[in-house]
Amino acid sequence: MEIPPGPKGTRDFYPDLMAFQEHLFASWRRTCRRYAFEAWEAPMFEHLDIYTQKSGAEIEKQLYTFEDKGGRMMALRPEMTPSLARMVAAKGTSLKRPVRWYSIARLFRYEKMQKGRLREFFQLNMDILGSSEVGADAELIAAVIDMMRDLGLTGNDFQVRISSRTLLEECFCAIGLPKECFAPIYALLDRKNKITDEEYTAELAEIVADGQLRQRIHDLFSVRGLDGIAALTGATPEQAVLARLFTLLEKYGMSDYVCFDINIVRGLAYYTGIVFEVFAVNKGMRAIAGGGRYDTLVELYGGPPTPAVGFAAGDVVLGDLLQERGLIPPSSPRCSVFITALDDKNFDEVAPVARLLRNAGISCAFPFKRITIGKQLKQADAAGAVITLITGGDESAQGLLKLKRMRDGNETTVPRDKLLENIASMLEER
RNA sequence: GUGACUGUAGUUCAAUCGGUUAGAGCACUGGAUUGUGGUUCCAGACGUUGGGGGUUCAAGUCCCCUCAGUCACCCCA
C-alpha cells in the first residue's frame, strides 16, 4: 500500500513543527498585545471579486478558486488586506479610530513553490486604520522590530529599510522624468537586487531614452541618506515626513535597526506613501516582512476615506531564519508526572491517582498495560516527564508513594495525603 | 510557464570501471535487567534502488519516457 502524499506546497505539522509554530504565534500575540492591538479574523474564503477588483484578473492564476453550489465564484484567501478593508468599510464611520488590529492568518496562493514560498502558509498582519499621522507608521515599524526582537533576533540579524512612494514621485518630478515612466521603473527597481548591473543598465535604457536623464536617475538611486536627496532635488514635503519618521524611531530607541533606502518600492500598486521591508542580514537579503501606507484602499471597497498603514510577516521565511540562527527553542515537556506501578496488583491504582492529579490541573500520563518498572521508566523518559510517581511495593502498604525526579534520579517518599503539595513544589523548583 | 540538479530501508547516507546475496549510523522492536530510565552490549525487523520501457551475458550504476522533490528564472498581494 502506497502512502498518499500530502498536497503540494503544504506542510504536515508533526508535533515538533507544531511546537515551533505555537512558539512563533505566542511571540506574535505577545508583541501585538504589548502594542495594544486587537485580534480579528475573516473567512478563509471570500468572493473572488474582492481580489480581482483590487489587482486585476490575471491574479486569478495565483488563487485557489472554486464555484460553490450556488454558482458563486469563490477564492481561498491569498492575503488579509482585502478582507480587512472590506470589514472596515462595512462598519462605515462607526469604528473608533484609530483602529489597531492584528491577525494571524492561514493563507493560500497557487504558486510554483521554492525556498521560503509555499502554497499554504501563515502571516502576521498588523494594521492601523484611520490615522494619516506619520506616528502610525512609526508605531508599526517599531512593532515589527519588537516582534523580531521578541523571537531573539538582533540588529545583527535583520534590518528595516524605509522609503516612500510619495518621495520617489517628488524626485522623479524634480529631475523631469515623464509620468508614464514611473510604473516600469518601479518594476525595475523591485528587481534591481536580483539582476546584474549590465541587465539593469540595459533595461533602464529601454525605459528612458535620454542619456542625461538616465544619469540623473542613476545619481538619484546612488544617494545614501535623506540629506543626499535634498541636495539633489531641494526640500520637498515628503522629505520632512520621512525626517519626522526617523526622529520618532529614534525616540522609540529603534535607530540601530532602520535605515533610509530609496530602492525600496514594494512591487504593487496600492501603496501610497511610506513603504518598508524587513531584511535578513547575510541571507541574500531576503525580505521577511513588508508593509506600508495604503490610504485609498478602504475607499476602493466603498468605505469612507480611511488612511491606513500595515505590514505582514510570513511564518516560512521567519522560521528558516530562526532555524539558521539557532533560535528554535526546545519543546517543553509534554507531561509533568508519569505514573507507574511497581507490581501487577497495583496497576489498577494508577488511574485513580491520575484522576487526582488531573483534577488538580497537573498533566500526567501512565502506561496502558502491565510492564516491568524498567520499561515504565523508559516510557516516562520518552514522555519527557519531570517526575515519575511510583505506586505499589512496600511503601504502598504504609500509605506512602515514591516520587522520582527524572533530572537526577533523586527519590523521595511521601504520604499519600501530602502528594499534591509535594509534586507542586517539585515542579516549581525547576 | 522555462531551465538545472537530485530520487537507494522510517530517516541520513554508502555501494570501485556496469559484475556475487544492495550496506552502515540514527530511529524502531525485543533481550541482557521480575524494585528503577537516560549510558552500554546483544539480537531482530526494515528494500519491486520513485515508476515504466530499452541496451547488455549482467543495470542502483548507461539511454529514453514519466512522476516526485530541490534550486534558480518568471511572478509576487
Side-chain angles (χ1 to χ4, degrees), chain A residues 1-11 14 16 46 50-56 58-64 75-85 105 107-119 121 123 125 127 186-187 190-191 194-196 199 265-271 275 277 284 286-287 289-292 294 297 300 310-314 316-317 320 338 340-346 367 370-396 401-411 413:
Chain A
M1 176 72 179
E2 208 166 293
I3 300 163
K8 204 176 204 168
T10 62
R11 286 167 293 175
Y14 290 94
D16 277 355
E46 293 268 7
I50 83 163
Y51 302 118
T52 51
Q53 185 182 335
K54 187 183 124 198
S55 315
E58 74 283 4
I59 199 180
E60 207 177 317
K61 283 198 305 252
Q62 287 153 14
L63 295 177
Y64 277 95
L76 297 183
R77 64 188 183 192
E79 59 165 329
M80 290 302 274
T81 311
S83 300
L84 175 66
L107 304 176
F108 308 86
R109 294 181 190 175
Y110 193 88
E111 294 187 284
K112 171 117 183 176
M113 358 117 28
Q114 53 186 274
K115 191 160 187 62
R117 264 170 78 186
L118 299 172
R119 289 183 173 179
F121 58 96
Q123 262 189 359
N125 281 254
D127 294 272
Y186 287 154
D190 205 32
R191 294 192 299 133
K194 295 179 181 175
I195 60 182
T196 65
E199 286 170 321
V265 290
R266 297 239 80 208
L268 257 274
Y270 68 64
Y271 287 107
V275 288
E277 289 187 4
R286 206 180 165 86
Y294 50 98
L297 197 61
L300 188 74
F311 77 84
V316 184
V317 180
D320 286 350
F338 196 84
T340 63
L342 261 179
D343 17 59
D344 283 2
K345 64 178 189 294
N346 296 105
R370 298 157 195 233
I371 48 174
T372 64
I373 186 65
K375 290 263 169 62
Q376 295 184 76
L377 278 157
K378 211 170 239 196
Q379 283 195 15
D381 192 52
V386 180
I387 301 166
T388 300
L389 190 163
I390 303 171
T391 68
D394 303 336
E395 296 86 347
S396 177
L401 295 165
K402 222 175 203 183
L403 294 176
K404 186 186 182 83
R405 191 165 60 194
M406 296 303 278
R407 179 159 45 86
D408 54 9
N410 211 0
E411 292 185 359
T413 307

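Labels below follow one simple rule: chain letters A, B, ... track the order of the sequence lines, proteins then strands, and each chain is numbered from 1.
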S.K.: Between A77(B), G35(B), U36(B), which nucleotide gets closest to the side-chain atoms of Asp394(A)?
M.R.: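 Of the options given, the side chain of Asp394(A) lies nearest G35(B).
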S.K.: By nearest atom, which of the nucleotides A77(B), G37(B), U34(B) is closest to the Leu63(A) side chain?
M.R.: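 Closest nucleotide among those given: A77(B).
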S.K.: Whole-Å distance between U36(B) P and Met406(A) CE?
M.R.: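 After rounding, the reported distance stands at 14 Å.
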S.K.: Of the candidate nucleotides C76(B), U36(B), G69(B), which contains the atom at the shortest distance from the side chain of Ile390(A)?
M.R.: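 Closest of the options to the side chain of Ile390(A): U36(B).
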S.K.: Which nucleotide in the list A77(B), G35(B), C75(B) gets nearest to the side chain of Glu395(A)?
M.R.: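 So the side chain of Glu395(A) is nearest to G35(B).
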S.K.: Which whole number of Å gives the distance between the C1' atom of G25(B) and that of A15(B)?
M.R.: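 G25(B) and A15(B) have their C1' atoms separated by 15 Å.
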S.K.: Identify which nucleotide among C75(B), G31(B), G38(B) has an atom closest to any side-chain atom of Lys378(A), counting heavy atoms from C-beta outward.
M.R.: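 For Lys378(A), the side-chain atoms sit closest to G38(B).
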S.K.: Hey, does the side-chain of Arg109(A) have a donor or acceptor N/O within less than 3.5 Å of a partner on the base of C75(B)?
M.R.: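 Absent.
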S.K.: Using the P atom on both, measure C65(B) against C5(B) and round to a whole Å.
M.R.: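 Straight-line distance between the two P atoms is 13 Å.
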S.K.: Both distances below 3.5 Å, Watson-Crick or wobble geometry, any strand: find the nucleotide opposite C75(B).
M.R.: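 None - no nucleotide pairs with C75(B), as no candidate has both distances under 3.5 Å.
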S.K.: Paired with U40(B): which nucleotide, if any, by Watson-Crick or G-U wobble criteria at under 3.5 Å for both distances?
M.R.: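 Answer to the pairing question: A32(B), which forms a Watson-Crick or G-U pair with U40(B).
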S.K.: In whole Å, measure the gap between the P atoms of U66(B) and G1(B) for me.
M.R.: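 Their P atoms lie roughly 13 Å apart.
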S.K.: Look at Lys375(A) and G31(B) and indicate whether a side-chain polar atom (N or O) is within less than 4.0 Å of OP1 or OP2.
M.R.: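 Lys375(A) to G31(B) OP1/OP2: side-chain N or O found under 4.0 Å.
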S.K.: If I pick the C1' atom on G19(B) and the same atom on U12(B), what distance separates them, to the nearest angstrom?
M.R.: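 Nearest-Å result for U12(B) against G19(B) at atom C1': 28 Å.
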S.K.: Nearest to the side chain of Asp381(A) - G37(B), A77(B), G35(B)?
M.R.: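 Among the listed nucleotides, the one closest to the side chain of Asp381(A) is G37(B).
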